[in-house]
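One structure is given here, and the rest of the page talks about it.
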Amino acid sequence: MTNWRFGLRAKASLALILAALVALIPAALIGQKLLDGVRTHFGEAYAVNFTQLKRQSILAPVSRDLALSQRFANSLLTRQWLLDEHNPTKNATFFEEAESYRQSFRDHNYFIASALSRNYYTNASDKPLSNKPRYVLGVAKEADSWFFSSLKQTEDFNINVDYDKSLDATRVWFNFLVRDGARVIAIAGTGLDLSEFVKDFIDTDEPGVTPLIINQAGAIQAHRDLSLIAYNQAGSAANPAQTLVGQLPHGVQREALAAAMQNAESHPGEVSTLKVTLDGREQLLALSYLPELKWHIVTAVDLQAAKVIDKSWLHIALGIIAGVIVILLIAFGYAIEALILHPLRTLQHSALALAEGRYDVSLPPPSQDELGDLSRAFALMAEEIQSNTEELENKVAARTQALEAANQAMQKAHRKIEASIEYASLIQSAILPDQPLQQALGERHFILWHPRDIVGGDFYVFRAEGKNHLLGVIDCAGH
């Protein structure tokens with residue numbers, strides 16, 4: 001298993017990096033808060049300007065069709081024909097004039113629904129022209145509910161998003177009441193193709209920006225998601241899921257939206273803003289009221305996704321900050337290396353030299369700090385170690401000399417003792433009765449005598465008295 005050494009340089013570098021990170025965390029939080037404030041400020045300005053731009057882009061062309069629809073509904077020829085619908089002369093005159101209106105309308109179509117005969121007439125550029133009714137309106141028909149609801153209203157017109165079966169098209173309809181005195185005798189107007197309307201006024205390539213149009217009741221009249229549009233809402237309540245209020249959480253945000261709408265209606269042309277949670281994200285709503293259309297032009301801006309500020313400068317700033325931090329870390333690392341690590345490394349080499357018995361060590365230059373104190377203390381320690389070592393060496397030399405002298409005396413005494421023992425062995429051998437045994441026994445004997453030491457304690461005796469012999473083996477232990 002490998003043991004990794006984590007030196008002072010690595011520790012110092014890590015400490016610097018950690019210190020930089022610790023300093024960067026609150027700086028980043030403060031910077032993020034400032035950036036959020038800047039983003040919110042510019043986001044509000046962006047939403048207001050975008051809403052005003054959309055307001056003008058919608059108002060000009062739609063107001064034109066709205067004004068033409070009003071003139072078409074208030075035309076004297078229109079009223080005369082409706083009151084005498086089957087008069088061939090009036091019929092021809094009316095449809096001749098209606099054709100001129102059709103050519104002037106944006107999407108080249110018109111409709112007129114008689115409250116007297118309930119006949120529904122319409123002509124468009126994508127169908128053959130006709131002065132015959134396309135169908136008859138019925139109270140029981142759900143598709144015709146817009147007509148009967150509109151007849152009951154007190155205002156001169158309404159705007160309704162609905163599907164026209166005869167035209168096979170979904171359009172934004174301008175429904176103007178045709179009056180004969182106080183009596184409503186018809187509803188007339190034109191329709192803008194919803195897909196084209198959304199494409200021209202609602203669709204945008206800006207990320208995080210969602211334009212939409214709602215009516216005074218909050219029903220969505222135009223949205224890039226067609227499933228959210230409240231169709232056929234003239235004079236009736238919209239499905240809550242197809243209202244802007246229904247897209248918001250219950251409570252404070254819905255109340256804030258109602259207050260913003262009321263404020264916008266009280267100050268046409270101004271833009272009201274509020275923060276809401278829409279589609280699960282916090283977004284900024286900007287809305288402006290168009291009294292001519294009775295519409296609110298709304299812009300929902302996701303401040304996190306929308307390009308309300310140019311982030312290129314932010315990337316440059318972050319790069320500069322990162323570069324400055326790297327330069328500071330390198331400078332701090334160099335300073336730590338020169339002021340702390342290099343002197344410590346010199347002391348380390350000096351300590352290793354002392355451990356190897358070399359006292360001619362180099363120490364860091366003296367300084368008036370803790371490292372200087374450590375260097376001076378280390379120098380004193382080295383002198384003390386050298387002095388103690390020399391003293392010990394002198395004592396060892398003297399002791400060695402004394403031991404050598406004692407050893408020589410011991411060797412001399414040993415030689416004397418060994419000589420005495422050898423002499424005693426010679427005497428012992430001399431007193432043994434080898435010759436009497438040889439004389440008495442001749443060659444018919446042998447003797448095994450091997451003392452353990454040079455001078456043994458065991459011996460033997462022999463004596464001959466005629467034919468009698470005495471042989472004795474004596475053991476030093478008395479056996």
Side-chain angles (χ1 to χ4, degrees), residues 32-59 62 159 161 172 197-198 201-230 233 237-311:
Q32 183 64 39
K33 194 170 185 63
L34 290 175
L35 183 61
D36 288 342
V38 171
R39 183 186 288 113
T40 300
H41 174 74
F42 283 101
E44 288 182 355
Y46 175 84
V48 168
N49 293 334
F50 190 91
T51 304
Q52 289 177 335
L53 179 63
K54 285 296 180 183
R55 184 179 189 278
Q56 294 304 318
S57 67
I58 291 174
L59 182 60
V62 173
I159 300 175
V161 179
V172 180
F197 185 82
V198 170
F201 303 113
I202 302 301
D203 281 351
T204 177
D205 295 330
E206 295 292 333
V209 179
T210 306
L212 62 149
I213 296 173
I214 60 175
N215 61 18
Q216 289 178 300
I220 298 174
Q221 299 295 284
H223 195 288
R224 65 180 58 170
D225 184 357
L226 300 182
S227 66
L228 295 178
I229 296 176
Q233 296 303 307
N239 182 347
Q242 295 174 326
T243 63
L244 182 56
V245 173
Q247 307 296 316
L248 305 182
H250 290 277
V252 178
Q253 292 191 13
R254 295 191 175 188
E255 295 173 1
L257 176 60
M261 291 175 63
Q262 184 176 359
N263 180 68
E265 292 174 14
S266 301
H267 303 85
E270 297 183 5
V271 179
S272 300
T273 61
L274 68 156
K275 286 186 176 180
V276 298
T277 302
L278 191 62
D279 297 331
R281 302 185 304 275
E282 183 178 287
Q283 301 196 42
L284 179 67
L285 283 188
L287 61 158
S288 179
Y289 183 63
L290 280 173
E292 298 86 351
L293 306 179
K294 302 176 185 177
W295 277 353
H296 288 274
I297 310 302
V298 183
T299 304
V301 180
D302 184 350
L303 296 179
Q304 299 299 324
K307 295 181 179 179
V308 296
I309 57 175
D310 185 5
K311 293 185 179 180

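Counting from 1, the numbers follow the sequence of the chain as shown. Computed from heavy atoms alone, side chains included, the values below leave out hydrogens, waters and symmetry copies. Predicted model, so just to flag it, every value in this text is computed and none were measured.
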Audit row: Thr51, Thr299, side chain to side chain donor-acceptor pair (under 3.5 Å) steps and yes/no: CA-CA 6 Å; Thr51 304; Thr299 304; 2.8 Å; yes

Hey, does the side chain of His296 reach the backbone of Val298 with a donor-acceptor pair shorter than 3.5 angstrom? no

Within this structure, what is the OG-NZ distance for the pair Ser288 and Lys54, rounded to the nearest 0.5 Å? 14.0 Å

Are any of the side-chain heavy atoms of Gln216 and Tyr289 separated by less than 4.5 Å? yes

Closest heavy-atom pair, Ala260 versus Ser272, reported as atoms and distance to 0.1 Å, is O-OG, 3.8 Å

Check: Val276 main-chain N/O paired with Gln283 side-chain donor or acceptor under 3.5 Å: no

Verify, without hydrogens or angle tests, whether Glu270 (side chain) and Ala264 (backbone) share a donor-acceptor contact under 3.5 angstrom. no

Validation row: Val172, Gln221 side chains within 4.5 angstrom (heavy atoms): no

Closest non-hydrogen atoms of Pro211 and Arg224, given as atom of the first, atom of the second and distance, are CD-NH2, 3.4 Å

Roughly how far, to the nearest 0.5 Å, is the CG atom of Leu53 from the OH atom of Tyr46? 9.5 Å

Enter the distance from Leu290:CG to Asn215:CG here, rounded to the nearest 0.5 Å. 12.5 Å

So Leu278 and Thr210, do their side chains get closer than 4.5 Å, heavy atoms only? no

Start with the C-alpha distance between Ile159 and Lys294, add both sets of side-chain angles, then the distance that settles side chain to side chain contact (heavy atoms under 4.5 Å, CB included), and finish with yes or no. CA-CA 8 Å; Ile159 300 175; Lys294 302 176 185 177; 5.7 Å; no

Heavy atoms, side chains only, cut-off 4.5 Å: are Ile214 and Met261 in contact? yes

Regarding Gln253 and Thr277, do their side chains bring together a donor and an acceptor under 3.5 Å, going by distance alone? yes

Between Gln242 and Leu228, is there a side-chain heavy-atom distance shorter than 4.5 Å? no

For the backbone of Ala259 and the side chain of Asn263, can you confirm whether one donor and one acceptor N or O come within less than 3.5 Å of each other? no

Exactly one of Thr273, Leu212, Leu274 should register a side-chain contact (heavy atoms from CB on, under 4.5 Å) with Leu287. Which one does? Leu274

To the nearest 0.5 Å, tell me how far Leu257 CG sits from Gln247 CD. 11.0 Å

Are any side-chain N or O atoms of Asp279 and backbone N or O atoms of Arg281, one a donor and one an acceptor, separated by less than 3.5 Å? no

Kindly say whether Leu248 contributes a backbone atom to a donor-acceptor pair with the side chain of Arg254 at under 3.5 angstrom? yes

